[in-house]
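Single-structure report; data block below.
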Amino acid sequence: MTRLKKIVTLVILVPLGILLIVLSVANRQSVTLALNPFRPEDAVLSLTAPFFLFLMLSLILGMLIGSLATWWTQGKYRRQARVEAREAIKWHNEADRHKTQSTAIAPAGSALSRR
């Protein structure tokens with residue numbers, strides 16, 4: 001598994017990191033993000049930063065929103081897994097209880113059948 005992890009790192013993550021560094025260097029110019037659509041020139045509701053910073057923040061925000069949406073939609077499956085795990089434990093405990101009862105009954109029954 002360690003070898004596969006190294007291959008994935010070399011083949012996917014290293015080129016992706018290089019691509020992000022090149023993208024950041026190519027987009028160093030400052031841009032203004034206006035948060036007021038009615039008065040874009042309003043300095044109170046605007047941010048000025050390098051363009052790559054806005055790109056990286058939007059990428060991170062998109063990943064967080066996607067992760068939360070996936071977690072939310074898979075909630076019913078996690079709930080079902082918890083219920084089934086509790087039921088499996090219950091049936092496992094009941095099987096163990098029957099096994100101990102049958103071993104306790106079996107020696108007494110075998111002694112009676114020998115007479």
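Partners of E87 by salt bridge (Lys or Arg N to Asp or Glu O under 4.0 Å), not counting sequence neighbours: none found. With sequence neighbours left out, T48 forms a side chain to side chain donor-acceptor pair (under 3.5 Å) with T32.
Other residues, nucleotides and ligands contribute only 12 or fewer heavy atoms inside 6.0 Å of the CZ atom of F51.
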Indicate every side-chain donor-acceptor pair of residues 20-30 with a distance under 3.5 Å to a residue at least two apart or in another chain.
residue, atom, partner, partner atom, Å
S24, OG, L20, O, 2.9
N27, ND2, L23, O, 2.9
R28, NE, V25, O, 3.1

Quick one: side chains of residues 53-68, donor-acceptor pairs under 3.5 Å with protein atoms, not counting sequence neighbours, listed by atom name and distance.
residue, atom, partner, partner atom, Å
S58, OG, F54, O, 3.1
S58, OG, L55, O, 2.8
S67, OG, M63, O, 2.8

Which atom pairs, one a donor and one an acceptor, fall under 3.5 Å between side chains of residues 90-99 and the rest of the protein, sequence neighbours left out?
residue, atom, partner, partner atom, Å
H92, NE2, D96, OD2, 3.4
N93, ND2, I89, O, 3.3

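A distance of 8.0 Å separates OG in S46 from CG in L33, rounded to the nearest 0.5 Å. The line from OG1 of T9 to CG of L4 is 9.0 Å long, rounded to the nearest 0.5 Å.
Grouped by direct or indirect side-chain proximity (heavy atoms under 4.5 Å, Ile/Leu/Val/Met/Phe/Trp/Tyr only), F38 sits alone.
The salt bridge (charged side-chain N to carboxylate O under 4.0 Å, His left out) contacts involving residues 44-66 comprise nothing, where partners must be two or more places apart or lie in separate chains. Pairs engaging residues 62-81 under the salt bridge (charged side-chain N to carboxylate O under 4.0 Å, His left out) rule: none recorded [sequence neighbours left out]. Screening residues 33-55 for salt bridge (charged side-chain N to carboxylate O under 4.0 Å, His left out) gives R39-E41 as the qualifying pairs, with residues at least two apart or on separate chains. Counting only residues at least two apart or in different chains, salt bridge (charged side-chain N to carboxylate O under 4.0 Å, His left out) contacts with residues 56-69 are absent.
Taking all atoms of both residues into account, the shortest heavy-atom contact from A34 to P40 is CB-O, 3.6 Å.
Connection of V8 to V14 is not established within any shared hydrophobic cluster, with ILVMFWY side chains joined at heavy-atom distances below 4.5 Å, either directly or through further cluster members.
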